[in-house]
Every structure is written in structure tokens, then in C-alpha cells.
K.L.:
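Below is a structure I'd like to ask you about.
Predicted model only: the values in this text are computed from it and were never measured. For ligands, and for the atoms within them, numbers begin at 1 and follow the listed sequence.
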Amino acid sequence: MQKNDVVTVKIEDMGSNGEGIGKIDGYTLFIKDSMIGDLVEARIMKAKKNYAYARLLNVLTPSEYRVEHPACKVVRSCGGCQIQEMEYGRQLRFKEDKVRENLIRIGGISKEVLSKVMEPILGMEEPFAYRNKAQFPIGTDRNGKIVAGFYAGRTHSIIPNMKCALGVEVNERILRCVIEFMEEFKISAYQEEEHRGLVRHVLIRYGFRTKEIMVCLVLNGGGIPHGDVLAERLCAIEGMTSVTYSMNRDRTNVIMGKEIRLLWGQTYITDWIGDVKYRISPLSFFQVNPVQTEKLYGLALQYAQLTGEETVWDLYCGIGTISLFLAKKAKQVFGVEVVPQAVLDARNNAKINGIRNVEFFEGKAEEVLPEFGRRYEEEHEGMKYHADVVVVDPPRKGCEEGLLRTIVEMGAEKVVYVSCDPATLARDLKVLCGEGYEVERVRAVDQFPHTVHVETIVSIQRKTS
Ligand code: SAH
């Protein structure tokens with residue numbers, strides 16, 4: 001097989017990035033935008049000894065899972081969604097299989113055990129317009145017209161699209177307002193290559209419960225000319241609560257600048273998850289799918305089986321979302337987070353909710369927890385610190401093995417593991433299960449419909465010896 005060869009192939013599997021996989025005489029083809037069940041025509045782009053990447057040319061016979069009219073017009077060129085053209089029910093199966101396969105292959109958990117402890121994936125009833133946050137890059141098209149949209153996969157060329165199907169409806173109105181304003185007052189869009197032009201991004205956040213809206217313009221400059229006019233127009237949109245800008249003059253992929261300046265209203269919006277209120281500023285981390293987050297944290301609460309007597313550690317706590325959610329059912333919660341601003345947000349969130357039985361530590365979980373244990377021992381004449389319940393919600397790379405050892409040494413009765421990467425989850429579970437723990441419950445949760453990402457929650461229990 002060579003570059004530019006055109007082949008016809010039946011798609012029989014899917015890779016972890018959502019690409020279709022087909023075989024011709026044992027030679028494997030990876031084809032983006034094709035899906036399991038399709039018969040396709042594709043052009044070879046990059047050929048290796050045993051496999052090749054090919055570009056989809058035609059779907060000759062569509063898969064039974066193929067959606068006839070995708071919700072989005074730029075579904076293939078935009079880098080945001082990977083599997084939107086696949087029926088939602090089949091997307092869920094794909095994600096559940098991905099979790100199951102990782103737990104078996106990497107985690108060493110047997111099929112039999114898994115069939116008893118794994119619950120069906122928790123999907124969305126309405127898998128569109130779920131995102132409460134969008135960051136639209138601003139640029140110009142070939143004719144010099146200002147556009148807003150999304151980056152194409154793996155590049156920084158902007159695919160114009162103001163109507164992202166995953167975002168809220170008001171995004172479009174806000175973007176039109178900003179672009180019209182820019183055209184009227186001749187305000188330039190950022191040109192990444194030349195590092196010229198003013199407006200780089202528009203960040204929009206929306207409080208699903210409060211209906212409060214935040215707009216933050218990211219500028220390659222110190223301010224926005226006629227900003228008062230823009231603010232006046234934006235605040236005519238119902239729910240507008242915060243209009244700000246952020247200065248970012250660096251040549252960087254990082255979207256936001258470090259500082260926020262107020263144009264109109266206040267610098268934050270408020271939203272709720274369950275009965276906990278959160279203050280969200282342009283720079284705060286906040287879960288992007290509030291509907292599923294509430295379900296996920298509800299599960300965390302169920303899985304933790306708190307009676308009100310426990311001390312709970314929430315490691316990788318971010319702005320304290322899980323900590324505060326669990327605090328009402330626990331005696332004490334300790335949160336650990338490495339980003340200083342997130343720790344400040346967490347403390348502030350505890351305060352505005354009147355929650356007093358939480359304490360947040362700034363630092364790396366793998367350093368803070370053992371240090372806490374050492375100090376406890378010193379202060380209690382050599383008595384070892386015992387942890388009741390430990391919740392971890394690490395980034396994709398998972399937990400450091402040293403941290404897992406500390407959790408084991410502290411004799412935690414239960415560990416609730418929230419994971420955004422089933423492979424590192426499986427790796428870490430293998431360590432814990434080798435140290436006297438057993439998997440109690442497993443459930444995948446779909447936080448990001450139409451993408452290949454999947455969240456998993458697992459509870460493991462210390463075996464009574
Ligand atoms: N549980 C939170 C956030 C989870 S995201 C929520 O649901 O909102 C993972 C978090 O881990 C991020 O906030 C990141 O800053 C933090 N983090 C990354 N490495 C860390 C480490 N070694 N120790 C503690 N926190 C870490």
C-alpha cells in the first residue's frame with residue numbers, strides 16, 4: 001500500500017480517538033470520520049509497514065449507527081467533536097467498552113468480577129447544548145472578514161462557527177454583537193502568525209441554574225477602544241452579569257492572560273451544583289457540563305457511603321467541588337490542590353456556603369498527605385494516622401505510585417476514584433488491588449457527549465483481613 005492509493009474497506013472497529021479501523025489482507029487502516037459498520041472509500045495519506053492513516057473520501061454504505069443529519073455543519077473539520085456523526089446510544093457503548101477493556105487489560109480485573117460490579121454508563125438525556133463554557137478564537141477569513149469559531153483538529157486555523165451544538169444558544173448572539181462592534185469601530189482581530197491585532201478570544205460562561213452570563217475578551221493589548229459601547233450593547237442581553245477583558249500579549253497557546261479587568265457589572269458569575277453554590281471568575285476552573293457533574297458527584301456521594309462520622313480526603317480537589325458536595329455528609333473533609341488560585345477559590349466557596357468542616361491544603365497530593373501523616377505521628381506519640389475515605393480526581397496522568405502507597409499505609413477503608421482516563425485509572429487500581437483492596441462499584445459517566453472522552457467513577461473497599 002502506498003501514499004495516494006484509493007481503497008475500499010469495511011470499518012470493523014474503532015480506535016481510542018474515535019477513528020474507524022478497517023483491514024485489507026491483515027494491513028490496518030485508520031480512517032478519521034469513518035465509523036464501525038461503514039463501507040468506505042479512502043485515500044492513503046501515510047503508509048507504514050503494517051498500518052496506514054487514510055482520509056475518508058466517500059461513505060459507500062453507511063453504518064446503521066450513522067446519524068443522517070448531524071447537528072453541526074462543520075462536524076468533520078472542527079476539532080471539537082470526534083464522534084458526533086454516531087448515534088448517541090452507540091457513542092455510549094463505545095465509551096463503556098473503552099472503560100471495560102482498560103480495566104481488564106491494564107487493571108487485571110477479571111471479566112466475571114467486572115460483570116458484577118460495573119453499572120451501565122450514565123449518559124445524558126439531551127446530549128446537546130451542555131457546555132457552560134466556550135472559548136471562541138477570533139480571526140479573519142481570506143477576505144479579511146472577522147470570524148469566530150473553533151480550531152480545526154491539531155491546527156490553529158479557525159473553522160468559522162458561531163453555533164456550536166455543544167454550547168448554549170446565547171453564544172451566537174454574543175459573538176455577533178462583538179463582531180459587529182469590532183467592524184463598526186475598526187477593531188482588529190488577532191493574527192496569530194504575525195502576532196498582530198487586538199482581539200484574540202471571546203470567553204463565554206453561562207450559569208445553567210442562575211442564567212447568569214459572563215463575557216471576557218482576551219486582548220493582545222492593554223484595553224479595548226470604545227469598551228463602554230461594547231459593554232452597553234452586551235448588557236442588553238438578558239442575564240448578562242459580567243463583562244471583562246483579560247490582557248494576553250504573549251506568543252502562546254495559553255488562551256487567558258493572568259489579570260482580569262472589569263468593563264461592566266461584576267468580575268464573576270455564580271452557579272450551583274446540587275445545593276452548593278460556586279463563584280466562577282474568568283480564570284477559575286469549573287466543570288463544563290453541570291448536568292452530568294451533578295450526577296457524577298451524586299455517585300461519588302453514594303459510593304463513599306458516608307455516615308457522618310468519617311474524615312474524607314479529597315485529593316486533586318480543584319476549587320473544592322467534590323469536597324463541598326461531600327462535606328454535609330462527613331465529619332470533616334480535607335482537600336488538597338496544587339494550584340494556589342484554585343485553593344483560594346475553594347476556601348471562598350466554603351465560606352459563601354457556610355460550610356465549616358472543610359479545610360484546604362495547597363500542595364501536591366503526593367507530598368501533602370504523607371507529610372500530614374508524619375506530623376500526626378509526631379504529635380500522637382507514634383500513633384499512625386488512619387484515613388477513613390479518600391477521594392481522588394487526578395488529571396489524565398493519574399496518581400503517583402507513592403501516593404497510592406501512602407493511602408494504603410493510612411489504612412483507608414474506602415477509596416473513590418474519579419478518573420478522566422481509563423488507562424491510568426486501570427493502572428492505579430491494579431496497584432491498590434494488589435495491596436488488599438477490592439473493586440466494589442464501577443460506572444462510566446458521559447461528561448462530554450460527541451467527544452471520545454469518558455469519565456469513570458470507581459469505589460474500592462479494603463478487604464477485612
Ligand atoms: N475535583 C475537581 C478538579 C479535578 S481536576 C473538580 O471536580 O472540580 C484535577 C485537579 O488536580 C486540577 O485542579 C489540578 O490543578 C490538580 N492537580 C494536578 N496535579 C496535582 C497534584 N500532584 N496534587 C494535587 N493536585 C493536583
Side-chain angles (χ1 to χ4, degrees), residues 122 130-133 205 207-208 254 256 258 270-274 276-281 283-301 303-304 312-327 330 333-350 353 355 358-373 387 389-407 415-422 424-425 427-428 443 445-448 453-459:
L122 194 52
Y130 63 79
R131 287 186 63 101
N132 59 10
K133 172 182 169 183
R205 290 182 119 159
F208 271 56
V254 177
M256 301 299 294
K258 293 191 177 71
T270 306
D271 204 18
W272 298 75
I273 294 175
V276 183
K277 177 163 78 173
Y278 298 89
R279 190 173 277 191
I280 309 156
S281 82
L283 298 177
S284 328
F285 171 84
F286 193 65
Q287 294 279 354
V288 297
N289 182 337
V291 171
Q292 291 302 90
T293 298
E294 188 156 343
K295 294 185 195 167
L296 180 67
Y297 293 172
L299 282 179
L301 194 57
Y303 281 21
V312 179
W313 283 85
D314 177 17
L315 308 178
Y316 312 87
C317 69
I319 58 165
T321 356
I322 297 178
S323 314
L324 299 176
F325 209 78
L326 300 184
V333 180
F334 293 121
V336 184
E337 164 62 43
V338 76
V339 173
Q341 183 57 46
V343 176
L344 295 178
D345 285 347
R347 289 182 185 139
N348 194 39
N349 285 328
N353 285 283
I355 297 173
V358 294
E359 192 179 330
F360 294 101
F361 300 103
E362 182 188 317
K364 290 185 177 165
E366 59 272 24
E367 289 169 9
V368 172
L369 193 63
E371 180 55 33
F372 185 94
V389 176
V390 177
V391 179
V392 298
D393 184 5
R396 302 198 70 127
K397 68 172 195 264
C399 299
E400 273 201 7
E401 195 170 330
L403 175 65
L404 300 174
R405 304 271 169 221
T406 307
I407 293 171
V415 178
V416 177
Y417 198 131
V418 180
S419 159
C420 54
D421 185 337
T424 56
L425 166 70
R427 178 201 68 199
D428 292 351
R443 192 159 195 187
V445 179
D446 191 19
Q447 296 273 84
F448 308 105
H453 301 293
V454 58
E455 203 86 3
T456 313
I457 180 162
V458 177
S459 65

K.L.:
To which of D393, T321, V391 does the heavy atom nearest atom 9 (C) of ligand 1 belong?
P.N.:
D393
K.L.:
Near V339, which atoms of ligand 1 are under 4.0 Å from a heavy atom of that residue?
P.N.:
15 (O)
K.L.:
Which residue and non-hydrogen atom of the protein lie closest to atom 22 (N) of ligand 1, and at what distance in Å?
P.N.:
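For atom 22 (N) of ligand 1, the nearest protein heavy atom is E366 OE1, 3.1 Å.
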K.L.:
Does an N or O from Y297, backbone or side chain, lie closer than 3.5 Å to an N or O of ligand 1?
P.N.:
yes
K.L.:
In terms of atom number and element, which parts of ligand 1 are under 4.0 angstrom from non-hydrogen atoms of C317?
P.N.:
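Close to C317: 1 (N), 2 (C).
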K.L.:
Looking at every non-hydrogen atom in both residues, tell me the closest pair between V312 and A330 and how far apart they are.
P.N.:
CG2-CB, 3.8 Å
K.L.:
Could you check, using the six-membered ring where one of them is a Trp, whether F372 and F334 have ring centers closer than 6.0 angstrom?
P.N.:
yes
K.L.:
Between S323 and C317, what is the shortest heavy-atom contact and its length?
P.N.:
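Result for this residue pair: OG-CB, 3.8 Å.
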K.L.:
Among protein heavy atoms, which lies nearest atom 18 (C) of ligand 1, and at what distance?
P.N.:
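Protein heavy atom with the smallest distance to atom 18 (C) of ligand 1: P395 CG, 3.6 Å.
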K.L.:
If you compare all heavy atoms of N349 against all heavy atoms of R279, which two are closest, and at what distance to 0.1 Å?
P.N.:
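Looking at all heavy atoms of both residues, the shortest contact is OD1-N, 3.1 Å.
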K.L.:
Closer than 4.0 Å to some heavy atom of Q287 - which atoms of ligand 1 meet that?
P.N.:
6 (C), 7 (O), 8 (O)
K.L.:
Please confirm whether the backbone N or O of L122 pairs with a side-chain atom of Q292, one donor and one acceptor, at under 3.5 Å?
P.N.:
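Confirmed, Q292 side chain pairs with L122 backbone.
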K.L.:
Report yes or no: does a heavy atom of G363 sit under 4.0 Å from some atom of ligand 1?
P.N.:
yes
K.L.:
Check whether any N or O atom of A365, backbone or side chain, sits under 3.5 Å from an N or O atom of ligand 1, and answer yes or no.
P.N.:
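In this structure, A365 places an N or O atom under 3.5 Å from an N or O of ligand 1.
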K.L.:
Of all the heavy-atom pairs spanning K364 and V338, show the shortest one and how long it is.
P.N.:
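In this case the closest contact between K364 and V338 is CG-CG2, 3.9 Å.
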K.L.:
Would you say Y130 and Q447 are linked by a side-chain donor-acceptor pair, where the criterion is simply a distance under 3.5 Å?
P.N.:
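Absent: no donor and acceptor within the cut-off.
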K.L.:
For atom 25 (N) of ligand 1, what is the closest protein heavy atom, and at what distance to 0.1 Å?
P.N.:
V338 N, 3.4 Å
K.L.:
Determine, considering heavy atoms only, which of Y278, F325, F286, Y316 sits nearest to atom 21 (C) of ligand 1.
P.N.:
Y316
K.L.:
For atom 13 (O) of ligand 1, which protein heavy atom lies nearest, and how many Å away is it?
P.N.:
E337 OE1, 2.8 Å
K.L.:
At the 4.0 Å heavy-atom cut-off, does I319 count as touching ligand 1?
P.N.:
no
K.L.:
Show me, pair by pair, the donor-acceptor contacts under 3.5 angstrom made by side chains of residues 395-404, not counting sequence neighbours?
P.N.:
| residue | atom | partner | partner atom | Å |
| --- | --- | --- | --- | --- |
| R396 | NH1 | H453 | ND1 | 3.4 |
| E401 | OE2 | R405 | NE | 3.4 |
| E401 | OE2 | R405 | NH2 | 2.4 |

K.L.:
Report yes or no: does a heavy atom of A342 sit under 4.0 Å from some atom of ligand 1?
P.N.:
no
K.L.:
I need the M256 CE to L283 CG distance, nearest 0.5 Å.
P.N.:
5.0 Å
